[in-house]
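Notes to accompany the following structure.
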Amino acid sequence: MPIHYYIILAATLFCIGVIGVLTRRNAIIVFMCVELMLNAVNLMLVAFSKLHYGTYLKNGAMGASGIDGQMFVFFIMVVAAAEVSVGLAIIVMMYRNVHSVDINFLNRLKN
Amino acid sequence: MSLVEIIFWFLSGLALISAIMVLLSKNPVHSVLWLIAVFFAISGHYILLNAQFLAIVNLIVYAGAIMVLFLFVIMLMNQNAETEPRSKSTWIKLAGAIAGGCLLIVVVAAVRDSENLIQNIGGKAYAKTAVTTHGEIGLIENLGRVLFTQYVVPFEISSVLFLSAMVGAVVIGKKD
């Protein structure tokens with residue numbers, strides 16, 4: 001498939017995530033939109049990895065070119081899993097304190 | 001239209017529609033279910049690109065573990081469509097949508113005409129293509145070999161990261 005299709009698909013998914021972060025007020029949904037943005041970037045990395053694989057294959061180079069992109073996707077998934085566990089713990093603690101998940105209540109951190 | 005193109009367009013449409021439904025659902029549980037549909041579509045894309053290991057890991061880690069964690073938290077807080085915080089004005093939603101759309105336009109316009117993505121075949125310009133349906137690099141044999149030779153230090157560091165995240169989650173969530 002032409003790489004432009006993957007770029008536009010991933011950029012659209014990323015921007016849907018951005019719109020979600022900007023417009024929704026439920027902290028859990030904001031968090032889910034961050035996950036959506038991470039997945040859009042993962043899709044882009046895998047597509048570029050296969051793009052470089054094809055380019056090097058055509059030039060007769062070694063067959064493992066482009067594998068670094070897929071390694072990065074693996075590590076992004078690792079970091080995302082750690083991030084979700086800590087972030088959801090923070091949201092649970094916030095709910096315990098203010099009995100709401102509305103992110104507008106977070107401005108109480110000001111004082 | 002070949003079979004690969006049909007699968008590509010189907011999965012792309014599924015991903016985009018599900019992603020928009022994540023935003024539009026009032027009930028947070030429905031948002032989680034639509035997000036799982038997005039993850040399944042992206043895993044389908046990985047399989048189409050022959051990244052089989054990442055497809056399975058995406059399903060197990062994201063759709064399996066992380067989304068169950070989200071569902072548990074939502075059910076723990078008893079969230080539903082009635083408790084959903086309402087936005088005060090539609091202007092904020094409109095401004096957010098316009099901002100995201102402008103970002104999309106900028107990204108696509110910046111990347112579309114990039115010379116790095118154009119290749120010349122016989123004097124004519126074509127877009128470079130991502131190799132679909134074949135290629136060895138996505139298989140677990142090759143990824144595992146690279147992970148345990150070239151990337152062994154980041155791999156071990158990520159185990160420390162997991163341990164600290166686990167301890168951090170317990171410390172933050174503890175009732176005191």
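Below, chain A is the first sequence line, B the second, and so on; all start at residue 1.
For I7(A), the part lying under 4.5 angstrom from a heavy atom of chain B is the side chain only. Heavy-atom distances place both the backbone and the side chain of A19(B) under 4.5 Å from chain A. For chain A, the nearby part of S25(B) is the backbone; its heavy atoms alone come within less than 4.5 Å. In this structure, chain A has a heavy atom under 4.5 Å from the side chain of Q150(B), while its backbone stays farther away. Using a 4.5 Å cut-off between heavy atoms, S49(A) touches chain B through backbone and side chain atoms alike. Interface residue Y151(B): backbone and side-chain heavy atoms are both found under 4.5 Å from chain A. Using a 4.5 Å cut-off between heavy atoms, V32(B) touches chain A through backbone and side chain atoms alike. Both the backbone and the side chain of F74(A) come within contact range of chain B, with heavy atoms under 4.5 Å apart. Using a 4.5 Å cut-off between heavy atoms, M93(A) contacts chain B through its side chain alone, with no backbone atom that close. If you measure heavy-atom distances from I28(A) to chain B, the contacts under 4.5 Å come from both the backbone and the side chain. Heavy-atom distances place both the backbone and the side chain of I91(A) under 4.5 Å from chain B. When heavy atoms are compared at a cutoff of 4.5 Å, L45(A) does not approach chain B at all. Residue V21(A) does not touch chain B at all, counting heavy-atom pairs closer than 4.5 Å.
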Before you tell me yes or no, could you show the steps for F48(A) and Y6(A) under ring pair (Phe, Tyr, Trp, His ring centres under 6.0 Å), namely the whole-Å CA-CA distance, both residues' side-chain angles and the distance that decides it to 0.1 Å?
CA-CA 9 Å; F48(A) 276 132; Y6(A) 282 105; 9.5 Å; no
Please evaluate residues S31(B) and M32(A) with respect to the criterion side-chain contact (heavy atoms from CB on, under 4.5 Å), reporting the C-alpha separation (whole Å), side-chain torsions for both, the decisive distance (0.1 Å), and the verdict.
CA-CA 9 Å; S31(B) 286; M32(A) 276 160 49; 3.5 Å; yes
Assess whether side-chain contact (heavy atoms from CB on, under 4.5 Å) is satisfied between H45(B) and S12(B), documenting all intermediate values.
CA-CA 8 Å; H45(B) 274 297; S12(B) 302; 3.5 Å; yes
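Of the residues considered (N39(A), L51(A), N26(A), V78(A)), N39(A) shows the highest number of contacts with chain B, using heavy-atom pairs under 4.5 Å. Heavy-atom pairs under 4.5 Å with chain A peak, among V73(B), V107(B), V108(B), L48(B), at V73(B). Chosen from L43(A), V79(A), I8(A), the residue pairing most often with chain B at heavy-atom distances under 4.5 Å is L43(A). Note: N42(A) leads I103(A), V18(A), N42(A) in heavy-atom pairs under 4.5 Å with chain B. When G101(B), P154(B), S2(B) are compared by the number of non-hydrogen pairs under 4.5 Å with chain A, P154(B) comes out ahead. Of the listed residues (L16(B), V4(B), V38(B), I20(B)), the one with the most heavy-atom contacts under 4.5 Å to chain A is L16(B). Of the residues considered (L94(B), L54(B), L143(B), I66(B)), L54(B) shows the highest number of contacts with chain A, using heavy-atom pairs under 4.5 Å.
Hydrophobic clustering keeps L14(B) apart from V46(A) (ILVMFWY residues linked when any side-chain heavy atoms are closer than 4.5 Å, directly or through intermediates). Note on L24(B): it clusters hydrophobically with F39(B), by side-chain heavy-atom contacts below 4.5 Å among ILVMFWY residues.
In this structure, G100(B) and I19(A) approach most closely via the heavy-atom pair CA-CG1, 3.7 Å.
Judged purely by atom type and a 3.5 angstrom limit, R96(A) uses its side chain to pair as donor or acceptor with the backbone of G173(B). Judged by distance alone, the side chain of S18(B) and the main-chain N or O of A15(B) form no donor-acceptor pair under 3.5 Å. A distance-only check finds a donor-acceptor pair linking the side chain of K50(A) to the backbone of L49(B) [under 3.5 Å].
Using a 30° and 60° split on the angle between ring planes, Y5(A) and W9(B) fall in the tilted class, from 30° to 60°.
More than 12 heavy atoms of other residues, nucleotides or ligands shown are found within 6.0 angstrom of CZ on F75(A).
Using modelled atom types and a 3.5 Å distance limit, the side chains of Q52(B) and N50(B) yield a donor-acceptor pair.
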